Amino acid sequence: MKNVETAYQLLHSALKNVFQKNFQMEVSDSEIQIQKTRKEFEGDLTVVTFPWVKKLGKSPEAVGQEIGEGLQKEISSIERFNVVKGFLNLHFNDAFWGNQFQNVTHLDNFGLAPANSKPRVMVEYASPNTNKPLHLGHLRNIFLGYSVSEIFKANGHSVTKVQVINDRGIHICKSMIAWMESGLNETPESSGMKGDKLVGKYYVEYDKKFKGQVADLMASGLSKEDAEAQAPIALGAREMLLKWEDKDPETLALWSKMNGWVYDGFDVTYKTMGVDFDKLYYESDTYILGKDEVMKGLENGVFFKKEDGSIWIDLTGEGLDEKVVLRKDGTAMYITQDIGTAMLRFRDYPDASSLVYTVGNEQDYHFKVLFKILKKLGLEQAEKCFHLSYGMVELPEGKMKSREGTVVDADDIMAEMKQVAKEVAEEQGKLEGMSETEKDHLHHIIGMSALKYFLLRVDPKKNMLFDPKESIDFNGNTGPFIQYGYVRTQAILRKVEGELSELNYTGELHETERQLIKHLLDLPAAFDDATNTYNPSVLAAYTYDLVRDFNSFYQQCAILREPNNDLRVFRLALTKQVGEVVKKTMNVLGIEMPERM
RNA sequence: GGCAUUGUAGCUCAACUGGAUAGAGCAUCGCACUACGGAUGCGAAGGUUUGGGGUUCGAAUCCCUACAGUGUCACCA
């Protein structure tokens with residue numbers, strides 16, 4: 001069992017009965033609107049009566065009154081109700097909520113669906129180029145993709161995390177040619193640099209040289225275009241790409257050596273992030289497959305060939321354009337590769353029902369086209385493929401530009417967060433008796449929680465702003481705030497270990513207790529919402545509110561000091577449940593909970 | 001220019017998908033408590049939801065329009 005029968009469900013069916021009995025009417029599900037009662041009114045749940053006002057030919061107040069009385073007969077736990085305008089506010093008694101809570105404590109895995117009870121979903125995220133290090137934008141991508149994977153798992157799906165590594169193409173050749181021309185023979189070992197940083201350095205080097213050469217050529221009278229086409233280093237890069245495609249052994253050796261450095265660097269970064277992958281795809285493998293698929297599609301009439309030999313698809317019938325899928329020289333492009341990768345993935349995982357692509361919204365159009373193509377090629381799962389499109393992370397001065405040096409490096413920002421966590425923790429001075437490695441781990445957990453929460457609490461669809469100067473907060477609506485709330489629950493529970501007996505309390509509830517219970521009961525709905533909308537921010541908001549409710553409760557109700565033992569046990573059980581739920585939801589966001597901080 | 005997308009407190013974000021008096025955090029000001037862990041709680045102030053029309057019992061949300069930001073419109077990825 002994932003959940004107890006909710007108050008919503010109860011009300012829902014009771015409403016149907018009321019309409020049968022009082023008005024001899026059937027009501028459709030869509031007519032029934034139940035929402036939480038707003039704070040300024042008295043009640044727990046509110047039924048909106050407007051949809052029926054016309055039909056019944058009565059005033060909203062009269063309809064509300066009548067339904068309210070009917071509902072009271074159906075559900076004895078409805079202690080009282082009031083009608084304000086067309087809103088029927090229902091107040092359930094304390095016993096009802098006490099009971100609901102007790103039912104939850106008996107569940108094994110409240111809020112979660114049984115593992116692997118639903119079809120497999122593949123989630124692609126990260127998918128970096130191999131010519132430069134990861135930056136803040138990647139962090140949003142990676143945390144988002146990881147979290148969505150975990151959300152699907154929590155909802156019972158089998159999940160395979162994949163990425164496709166863009167390991168070939170002109171951009172890698174640029175780093176390679178710059179490295180060769182430098183003649184320094186630098187390696188990560190010799191330079192002491194992280195592999196991805198080293199390769200990134202040569203990418204920047206390339207750009208510098210290129211610009212210098214272009215400037216020189218222009219000074220000697222060439223047009224900008226000609227200069228760019230004739231810059232020696234650009235020619236070198238292109239030549240290298242051709243050699244690569246010809247499988248020139250030396251070029252291939254250099255290529256795999258430098259890519260290897262990058263992978264080593266990425267692995268370190270992924271590890272710090274706390275993310276992983278089940279299966280990697282390399283563009284250098286899949287682009288050939290893509291070509292095959294295009295050729296097949298050409299035979300089947302999905303694609304057509306233009307006079308110059310390039311291959312196209314006509315999507316004008318679907319409101320899109322014509323699109324090239326294979327160059328006239330027969331080489332693969334981005335979308336060719338994507339077609340191949342998709343086909344290969346569904347071949348590798350025939351039980352997968354869909355594939356989620358975590359890719360920035362600048363590629364919205366690309367994925368529209370891709371999914372149409374996949375469908376035309378006869379891939380059944382094409383309709384269920386989903387582009388998890390997310391907005392850019394902007395800096396105060398605008399978009400990040402790697403060439404202008406305005407990127408926020410992933411490793412740097414993570415290290416910085418950890419450093420801040422360390423400073424705050426030392427200031428607090430609550431960690432005596434902890435070993436240095438434990439402390440180090442704790443600082444890491446806290447720093448990462450600030451960063452992850454910061455990036456995940458925003459609706460993925462939207463662009464968001466990151467201000468390095470103000471950096472990331474540790475107070476208020478933040479990861480560390482939630483961690484602190486969790487730590488507090490654990491601090492309390494540690495003192496009563498083994499003391500938790502059966503729940504026996506049936507008395508009145510404090511307002512903050514009712515609030516807390518109601519919030520806890522919303523967990524399954526929050527998970528559903530997050531799954532349906534591919535949106536971790538739903539869970540971030542849910543958890544933040546829960547912790548606030550708990551803090552409120554904690555401030556106003558004695559737990560350990562409560563003299564009435566039944567009530568004390570009840571409050572301890574509440575505390576425990578809050579801790580478990582927070583840990584669960586944060587785990588899905590990839591955020592670890594410390595026991596002390 | 002076409003298409004897509006966004007515009008909510010000084011700043012960063014919410015708003016149960018059309019519901020009641022638009023909510024949080026940060027920043028500002030004030031208060032609480034021998035603290036079960038203060039990385040706390042409570043409160044004040046802060047809004048013509050970019051402007052203008054429309055749809056209806058009811059609009060930040062849907063439609064039209066103007067303005068502003070962003071993305072995209074490559075045989076780049």
Side-chain angles (χ1 to χ4, degrees), chain A residues 33-41 46 48 50-51 53-54 60 84-87 89 127 129 131 166 168-171 283 306 308-312 319-321 323-338 360-366 368 389 391-392 394 396 398-399 421 424-425 427-428 430 446 454 457-459 461-467 470 472-478 480-485 487-493 495-496 522 525-526 529 533 537-538 540-541 544-545 548 551-562 571-572 575 596-597:
Chain A
Q33 286 186 53
I34 302 169
Q35 52 191 254
K36 280 175 210 154
T37 304
R38 295 185 66 115
K39 279 225 170 80
E40 56 269 37
F41 301 95
T46 295
V48 183
F50 288 112
V53 167
K54 254 188 201 156
V84 181
K85 295 195 203 163
F87 298 93
N89 303 318
S127 300
N129 289 347
N131 62 331
N166 303 306
R168 64 163 208 120
I170 191 78
H171 50 285
E283 193 189 333
K306 289 203 175 174
D308 65 1
S310 57
I311 298 181
W312 294 68
L320 303 176
D321 263 326
K323 173 85 187 168
V324 200
V325 292
L326 201 63
R327 291 194 190 99
K328 65 179 170 217
D329 61 8
T331 57
M333 25 195 310
Y334 183 48
I335 199 152
T336 323
Q337 174 274 126
D338 258 347
N361 62 10
E362 59 208 346
Q363 294 189 33
D364 284 354
Y365 185 76
H366 172 80
K368 245 190 229 175
S389 162
M392 299 290 105
E394 285 164 1
K399 222 188 145 181
V424 177
E427 203 177 302
Q428 299 286 334
K430 291 177 185 168
I446 296 174
F454 179 85
R457 62 170 245 252
V458 181
D459 186 335
K461 287 194 295 286
K462 295 191 178 172
N463 287 1
M464 64 179 294
L465 191 106
F466 174 78
D467 188 342
E470 296 190 8
I472 292 174
D473 227 307
F474 281 54
N475 300 310
N477 188 357
T478 66
F481 172 89
I482 290 170
Q483 288 177 316
Y484 185 78
V487 165
R488 176 183 268 163
T489 63
Q490 300 315 106
I492 295 169
L493 293 168
K495 298 194 172 150
V496 293
D522 281 339
D529 193 6
T533 56
S537 80
V538 170
Y544 173 62
D545 285 339
R548 280 177 65 218
N551 285 342
S552 241
F553 155 75
Y554 168 86
Q555 206 77 211
Q556 293 188 53
C557 298
I559 302 171
L560 291 171
R561 294 180 312 211
E562 170 56 42
R571 286 182 175 164
L572 283 167
T575 305
R596 294 173 58 190
M597 69 189 280

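First the proteins, then the strands, lettered A, B, ... as listed; each starts at 1. Every value quoted in this text rests on a predicted model; they were computed, and no experiment measured them.
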Taking B:rU12, B:rG37, B:rC36 as options, the one with an atom nearest any side-chain atom of A:Ala558 is B:rC36
A:Arg38 CZ to B:rU21 P, in whole Å, measures 8 Å
How far, in whole Å, is B:rU65 from B:rA44 if one measures between their P atoms? 43 Å
Heavy atoms only: give me the nearest A:Ser127-A:Asn166 pair and the separation to one decimal. O-ND2, 3.6 Å
Euclidean distance for C1', B:rA45 against B:rU50 (whole angstrom): 24 Å
Counting heavy atoms from C-beta on, name the nucleotide in B:rG37, B:rC42, B:rA20 closest to the side chain of A:Val84. B:rA20
Walking RNA chain B from its 5' end, the first of A:Cys557 and A:Asp529 to be reached, judged by nearest nucleotide, is A:Asp529
Does A:Ser310 reach a base, just sugar-phosphate, or nothing at all? Heavy atoms under 4.0 Å. base
Would you mind calling B:rU17 syn or anti? Take O4'-C1'-N9-C4 for purines or O4'-C1'-N1-C2 for pyrimidines, and syn is within 90° of 0. syn
Can you tell me how far P of B:rC42 sits from NZ of A:Lys39, to the nearest Å? 9 Å
What integer distance in Å separates A:Asn477:CG from B:rA15:P? 12 Å
Under 4.0 Å, heavy atoms only, any strand: does A:Ile559 hit a base, just the sugar-phosphate, or nothing? base
With a non-hydrogen cut-off below 4.0 angstrom, is A:Glu562 in contact with a base, only sugar-phosphate, or nothing? nothing
With a centroid cutoff of 5.5 Å and a plane-angle limit of 30°, would you call A:Tyr334 stacked on B:rC76? no
Taking any heavy-atom pair under 4.0 Å as a contact, classify A:Lys85: base, sugar-phosphate, or nothing. sugar-phosphate
Spacing of the P atoms in B:rG10 and B:rU6 (rounded, Å): 23 Å
Using the C1' atom on both, measure B:rA68 against B:rG52 and round to a whole Å. 15 Å
Hey, is A:Phe50 doing a stacking thing with B:rG58, by the 5.5 Å centroid and 30° angle criteria? no
A:Gln33 side chain, from C-beta outward: closest of B:rA77, B:rG19, B:rC36: B:rG19
Sugar-phosphate only, base, or nothing, as touched by A:Asp338 at under 4.0 Å among non-hydrogen atoms: nothing
Given Watson-Crick or G-U pairs with both distances under 3.5 Å, what dot-bracket string fits RNA chain B, with | for other-strand pairs and [ ] for crossing? (((((((..((((.....[...)))).(((((.......))))).....(((((..]....))))))))))))....
Separation of B:rU40 atom P from A:Ile482 atom CD1, nearest Å, is 12 Å
Can you tell me which nucleotide in B:rG37, B:rC13, B:rA20 comes closest to the side chain of A:Gln35? B:rA20
Evaluate whether the aromatic ring of A:Tyr484 and the six-membered ring of the B:rG37 base sit under 5.5 Å apart, centre to centre, with an inclination under 30°. no
Considering every strand and a 4.0 Å limit on heavy-atom distances, what is the contact class for A:Lys461: base, sugar-phosphate, or nothing? nothing
Between B:rU12 and B:rC16 - C1' atom distance, rounded Å: 22 Å
CZ of A:Phe454 to CE of A:Met464: how many Å apart, nearest 0.5 Å? 4.5 Å
Looking only at the side chain of A:Asn463 (C-beta and beyond, no hydrogens), which of the listed nucleotides B:rC75, B:rU70, B:rC13 gets closest? B:rU70
Going by an N to O cut-off under 4.0 Å, is there a salt bridge joining A:Asp545 and A:Arg548? yes
So, the side chain of A:Asn463 versus the backbone of A:Met392: is there a donor-acceptor pair under 3.5 Å, distance only? yes
A:Phe553 CZ to B:rU40 P, straight-line distance once rounded to whole Å: 18 Å
From C-beta outward on A:Arg548, which listed nucleotide comes closest to its side chain: B:rC36, B:rA77, B:rG41? B:rG41
Using 0.5 Å steps for rounding, measure from the CG atom of A:Leu572 to the OG1 atom of A:Thr489. 11.0 Å
Does A:Ile446 or A:Leu326 map to a spot on RNA chain B nearer the 5' end, using the closest nucleotide for each? A:Ile446
Of the listed nucleotides (B:rC42, B:rC13, B:rG71), which one gets closest to any side-chain atom of A:Glu362? B:rG71
Regarding the side chain of A:Arg488, the nearest nucleotide among B:rG38, B:rA20, B:rG41 is B:rG38
Could you give me the CA-CA distance, side-chain angles and deciding distance for A:Asp473 and A:Thr478, then say whether side chain to side chain donor-acceptor pair (under 3.5 Å) is met? CA-CA 7 Å; A:Asp473 227 307; A:Thr478 66; over 6 Å; no
Within the 4.0 Å heavy-atom criterion, would you say A:Asp459 contacts the bases, only the backbone, or no part of the nucleic acid? sugar-phosphate
Considering only heavy side-chain atoms of A:Tyr365, the closest of B:rC57, B:rG37, B:rU72 is B:rU72
OH of A:Tyr544 versus C1' of B:rU12: gap in Å, rounded? 12 Å
I'd like to check A:Gln33 versus A:Thr46 (side-chain heavy atoms, cut-off strictly below 4.5 Å). Are they in contact? no
Other residues, nucleotides, ligands: >12 heavy atoms within 6.0 Å of A:Glu427 CD: no
Nucleotide B:rU72, atom P - distance to NE2 of A:His366 in whole Å: 13 Å
When the C1' atoms of B:rA22 and B:rG58 are compared, how many Å lie between them, rounded to an integer? 14 Å
So does A:Asp329 pair up with A:Arg327, basic N to acidic O under 4.0 Å? no
Going by modelled atom types, is there a donor-acceptor pair between the base of B:rA27 and the side chain of A:Asn475 at under 3.5 Å? no
Provide the distance between the two C1' atoms, one in B:rG53 and one in B:rU17, to the nearest whole Å. 24 Å
Taking only the side-chain heavy atoms of A:Gln363 (C-beta and beyond), determine which of B:rA20, B:rC75, B:rA77 contains the nearest atom. B:rA77
So, A:Asp321 side chain and A:Lys323 main chain: donor-acceptor pair closer than 3.5 Å or not? no
Hey, is the side chain of A:Ser537 pairing donor to acceptor with the base of B:rA14 inside 3.5 Å? no
Tell me, with the steps shown, if A:Arg488 and A:Asn551 meet side chain to side chain donor-acceptor pair (under 3.5 Å). CA-CA 9 Å; A:Arg488 176 183 268 163; A:Asn551 285 342; 2.8 Å; yes
Nearest-angstrom distance, P atom, B:rG54 to B:rU8: 24 Å
Could you tell me whether A:Met597 contacts a base, only the sugar-phosphate backbone, or nothing, with contacts defined as non-hydrogen atoms closer than 4.0 Å? base
Please report, rounded to the nearest Å, how far the C1' atom of B:rU72 is from the CG atom of A:Asp364. 9 Å
Under 4.0 angstrom, heavy atoms only, what part of the nucleic acid is A:Ala541 near: base, sugar-phosphate, or nothing? nothing
Students often get this wrong, so: under 4.0 angstrom with heavy atoms, is A:Val325 touching a base, only sugar-phosphate, or nothing? nothing
Nearest-0.5 Å distance, CG of residue A:Leu493 to CG of residue A:Leu560: 8.5 Å
Across the strands shown, which category fits A:Glu283 at heavy-atom distances under 4.0 angstrom: base, sugar-phosphate, nothing? sugar-phosphate
